[in-house]
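Reviewing the structure listed below.
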Amino acid sequence: MANELNRNQAAFATRAVHVGQEPDPLTGAVIPPVYHATTFVQDGIGRSKGFDYSRSGNPTRNMLELCLADLEGAETAHVFPSGLSAAATLLEALPAGSSILAHHDLYGGVYRLLADVRPVTAGHRINFVDFSDIDALKQAVAAHRPSLLWFETPSNPTLRIVDLSAVARIGNEVNAITVCDSTFSSPAGQRPIEHGIHVVVHSATKMLNGHSDLLGGVVAVSATAPAGLAERIKYLQNALGAVMSPTDCALLHRSLKTLEIRSARQSASALSLATSLQRRADELRLDRVVYPGLESHPQHALAARQMFNFGCVISIELAGDIVRVERVLTATRYFRFAVSLGSVESLIQHPASLTHAAVPEDRRSATGIGPQLIRLSIGLEDPVDLEQDLVQALKIQS
Ligand code: PLP
């Protein structure tokens, strides 16, 4: 597959449009065809055109993986049928009995995989600590001697920011693989590998695809990751059979072409909405507005240092009871009451009963996910319409 453009030659937005998207040499079609074939004719024993069976390799998937690796600054990227299957496949790279240290503040499904599934199926020993507290992280690393450090930044839904360079340094000191779930940002918003992180994972279902019409996951491996890890992920993708379909690969690749512009616009709208909500907090009966772009965010300076924009997610904590919370969730017109984030349409959801229901209640409240917390994902609608929509819902009296 021709790929004459790489990250040394052009800016992010240009590469997002062109990498892995050379015109079809046969017909001149500007967009390459989608290869739905499951099997490929062989020229002789040990002689092929680079493909034999679609689980092991597919031209449409290869084009997408090339583009994603380029945008993340990774050596390789592999795509999976969901974010969780990407995470599960990556964890298969760890020997049985390995010690894993994870951020205490993770998406509920990843928490379930780490805390409930892997200890039973692979004897993995899992411990949790607040990765935004670097001293606590160092102590936990010394105590548990982990082979792998797993964290999200910004975290879901409390939007804590983890210092990418500090975690990379700590991981390297003890030869642990560092894994950043960058779902809340995407490579248009932050690139953890540029800060020394070994592996980036994504739920491509979110910002990367951005249109709420496919599930997907990504594992991108840095050239500085422990030797053999990138090859191992490719091996495991085939061995476990967790591959994205060609149709979804083509859809996701199309979405990457608008990633930078979506990310910039969604983040700008989120910043303006968060600023306004914070200013009107008393009038709208809000106890807290959390957004990394606000100066009131405890890690605003760190976010400004390591992110290109602050992302599309805002969390708000409502004053009042659960009846009010439910009324707000169901009273908006443009914000749809549905899980997920990062899409062109704005969404509103309730982490305690939905995305983080798999997290035990005591752990949820320790990380700040109470029943009053609402998560907003800001889409591409006009920000004035979005603000009016939310404000009318927040102003409804009981
Ligand atoms: N990581 C994060 C931060 C998420 O928010 C999610 C899903 O919401 C996942 C991973 C899992 O991804 P998927 O739903 O695509 O399996």
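All figures in this text were calculated on a predicted structure; none of them were measured in a lab. For ligands, and for the atoms within them, numbers begin at 1 and follow the listed sequence. Because only heavy atoms are used, hydrogens play no part in the values below, and waters and symmetry mates are left out as well, while side chains stay in.
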Self-check item: Numbered atoms and elements of ligand 1 in range of Leu84, under 4.0 angstrom, heavy atoms
Solution: 11 (C), 12 (O), 13 (P), 16 (O)
Exercise. Please state which part of Glu152 comes within less than 4.0 Å of ligand 1, counting heavy atoms only: side chain, backbone, both or neither.
Key: side chain
Exercise. Please verify whether a non-hydrogen atom of Ala204 lies at under 4.0 Å from ligand 1.
Key: no
Exercise. Select one of side chain, backbone, both or neither to describe which atoms of Val110 lie under 4.0 Å from any atom of ligand 1, heavy atoms only.
Key: side chain
Practice problem: Starting from atom 14 (O) of ligand 1, locate the nearest protein heavy atom and write down its residue, its atom name and how far away it is, to 0.1 Å. | Solution: Lys206 NZ, 3.7 Å
Quiz item: For atom 5 (O) of ligand 1, which protein heavy atom lies nearest, and how many Å away is it?
Solution: Asn156 ND2, 3.0 Å
Exercise. Before accepting this row, confirm whether a basic side-chain N of the pair Arg169/Glu173 lies closer than 4.0 Å to the acidic partner's carboxylate O.
Key: no
Quiz prompt | Proximity of Phe310 and His300 rings by center, below 6.0 Å | solution = yes
Self-check item: Proximal candidate to atom 2 (C) of ligand 1 [heavy atom criterion; set Thr355, Leu113, Leu106, Asp181]
Solution: Asp181
Quiz item: With a 4.0 Å cut-off, would you call Arg280 and Glu387 a salt bridge?
Solution: yes
Quiz item: Thinking salt bridges, do Arg160 and Asp105 make one under a 4.0 Å N-O criterion?
Solution: yes
Quiz item: Do the two ring centres, one from Phe131 and one from His103, sit under 6.0 Å apart?
Solution: yes
Quiz item: Are Phe51 and Tyr35 close enough that their ring centres sit under 6.0 Å apart?
Solution: no
Quiz prompt | Proximal ligand 1 atoms for Ser82, defined as those under 4.0 Å from one of its heavy atoms | solution = 15 (O), 16 (O)
Exercise. Starting from atom 11 (C) of ligand 1, locate the nearest protein heavy atom and write down its residue, its atom name and how far away it is, to 0.1 Å.
Key: Tyr107 CE2, 3.6 Å
Quiz item: What are the atoms of ligand 1, with element, lying closer than 4.0 Å to any heavy atom of Gly216?
Solution: 15 (O)
Self-check item: Ser203 neighbourhood, listing ligand 1 atoms whose heavy-atom distance to it stays under 4.0 Å
Solution: 6 (C), 9 (C), 10 (C), 11 (C), 12 (O), 13 (P), 15 (O)
Quiz item: Between Phe308 and Phe12, is a ring-ring contact (aromatic ring centres under 6.0 Å, His included) present by the stated rule, with each step listed?
Solution: CA-CA 12 Å; Phe308 305 113; Phe12 185 93; 8.0 Å; no
Practice problem: Answer yes when Arg118 and Glu92 have at least one side-chain N-carboxylate O distance shorter than 4.0 Å, and no when they do not. | Solution: yes
Quiz item: So is His202 close enough to ligand 1, meaning a heavy atom under 4.0 angstrom away?
Solution: no
Practice problem: Look at atom 15 (O) of ligand 1 and find which of Thr205, Leu215, Leu341, Asn209 reaches it with the closest heavy atom. | Solution: Thr205
Practice problem: Apply the side chain to side chain donor-acceptor pair (under 3.5 Å) test between Asn209 and each candidate in Ser255, Ser203, Ser343; give the one that qualifies. | Solution: Ser255
Practice problem: Go through ligand 1 atom by atom and flag the ones less than 4.0 Å from a non-hydrogen atom of Gly83. | Solution: 12 (O), 13 (P), 15 (O), 16 (O)
